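This report concerns only the one structure given below.
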Amino acid sequence: DAAIRGLSSGKYAGVINFGHDALPYSVDHPAFLNVVTFSKGMSCAVDASIVENLGRFGFLSKAQAASYGVSISEPLLCPVQTSTQSASIGCERLMYAGRVCKTKGIINAVKVMKRTGLPLVVAGHEEDASDLRTAITSGATYLGCLERSKLHQKMRTSTALLQLQACEVQEAFGMVTAEALCAGLPVITWACGANTELVDESNGVVVQPCDLDAAASSVQIVSSWGFQKRETIRRAAISKYSLSNVGERYLKWFTTHTK
């Protein structure tokens, strides 16, 4: 509202919105530039009416080419690991990161933990106390809200990130997913929303929504990925999601689409 008032009064020449959800599309003003951060497919899943107005908005590309950017570039630091190893990296634990609530997938992560028998570490803001209590009483370890450097260190020393949102949720751009990949951490996620734009067989496993058995079985797949594989994941993700590379894409887009 403040942005639109500023435009109407002449205070601003234009407003650029970097939106990861459908809310920005409700703004209809010629000087309001929406930089779309998820694909047409995801837009359809969020709100079918958006499709009618896609011509008014610019697309950098798919979701993975339009994140805010991730500030992470350190090499992998998994214990007992050397650059010549290609077998299991020895980081035998699962990880959940993000807002701690059922919607974002903490309950599904706990269910996968129980199926695999591997420990689960949880990092993020406590949004739902009952969901966090369920996770802790089930055996998960809650780390609280970590500083970014500590979060990335935990990512580099885990087996997989569980990005298993509630079945009714259509995830847009997953910043936690991008951060995990930039740490070389494989991601296990559902085949819905924009998850499939970030994760494929090269950096994780995508399974059918709510198939917890398949998600659990996927852990064995990624646990065999050694240093070389995870370093490849890290380098590929940084080339897409790092602040500098994303900034260059934004600058190129602005130069082409604005005066």
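Computed from a predicted structure; not experimentally measured.
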How many angstroms lie between atom [atom1] of [X] and atom [atom2] of [Y], to the nearest 0.5 angstrom?
{"X": "K150", "Y": "K154", "atom1": "NZ", "atom2": "NZ", "value": "9.5 Å"}
{"X": "L162", "Y": "L120", "atom1": "CG", "atom2": "CG", "value": "6.5 Å"}
{"X": "M155", "Y": "E179", "atom1": "CE", "atom2": "CD", "value": "5.0 Å"}
{"X": "T159", "Y": "I188", "atom1": "OG1", "atom2": "CD1", "value": "9.0 Å"}

Can you list everything that forms a side chain to side chain contact (heavy atoms under 4.5 Å, CB included) with T232? Sequence neighbours excluded, please.
none

Side chains of [X] and [Y]: closer than 4.5 Å at any heavy-atom pair?
{"X": "S202", "Y": "I233", "answer": "no"}
{"X": "L118", "Y": "V219", "answer": "yes"}
{"X": "T134", "Y": "I107", "answer": "yes"}
{"X": "V207", "Y": "W190", "answer": "yes"}
{"X": "M113", "Y": "S138", "answer": "yes"}
{"X": "C167", "Y": "P209", "answer": "no"}

When you measure from the side chain of [X] to the backbone of [Y], do you find a donor-acceptor pair of N or O atoms at a distance under 3.5 Å?
{"X": "T157", "Y": "Q153", "value": "yes"}
{"X": "N108", "Y": "L164", "value": "yes"}
{"X": "T189", "Y": "N195", "value": "no"}
{"X": "N203", "Y": "L198", "value": "yes"}

Closest non-hydrogen atom pair, [X] against [Y]:
{"X": "R234", "Y": "C182", "answer": "CG-O, 2.9 Å"}
{"X": "A180", "Y": "L161", "answer": "CB-CD2, 3.7 Å"}
{"X": "L146", "Y": "A123", "answer": "CD1-CB, 4.0 Å"}
{"X": "L185", "Y": "L181", "answer": "O-CD2, 3.7 Å"}
{"X": "V187", "Y": "V199", "answer": "O-CG1, 3.6 Å"}
{"X": "I106", "Y": "Y96", "answer": "N-CE1, 3.4 Å"}

Taking NZ, NE, NH1 and NH2 as the nitrogens, is one of them in D128 or K102 under 4.0 Å from a carboxylate oxygen of the other?
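No salt bridge links D128 with K102.
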
Are R99 and E126 close enough for a salt bridge, meaning some N to O gap below 4.0 Å?
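Answer for the salt bridge query: no.
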
Answer yes or no: are there more than 12 heavy-atom neighbours, outside K114 itself, under 6.0 Å from its atom NZ?
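Not more than 12 within 6.0 Å, no.
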
Can you confirm whether R235 is buried at CZ, in the sense that more than 12 heavy atoms of other residues, nucleotides or ligands lie under 6.0 Å from that atom?
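For R235, atom CZ is not crowded (no more than 12 foreign heavy atoms under 6.0 Å).
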
Joint hydrophobic cluster, V112 plus V169, side-chain heavy atoms closer than 4.5 Å:
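In one cluster with V112: V169, no.
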
Given salt bridge (Lys or Arg N to Asp or Glu O under 4.0 Å), test E127 with K104 step by step and report yes or no.
CA-CA 10 Å; E127 183 166 299; K104 300 300 288 185; over 6 Å; no

Residues R93, T141; criterion side-chain hydrogen bond (donor to acceptor under 3.5 Å, both in side chains); working and verdict:
CA-CA 11 Å; R93 68 164 175 242; T141 300; over 6 Å; no

Under the side-chain contact (heavy atoms from CB on, under 4.5 Å) rule, what do V121 and L94 come out as? Steps first, then yes or no, please.
CA-CA 6 Å; V121 294; L94 304 173; over 6 Å; no

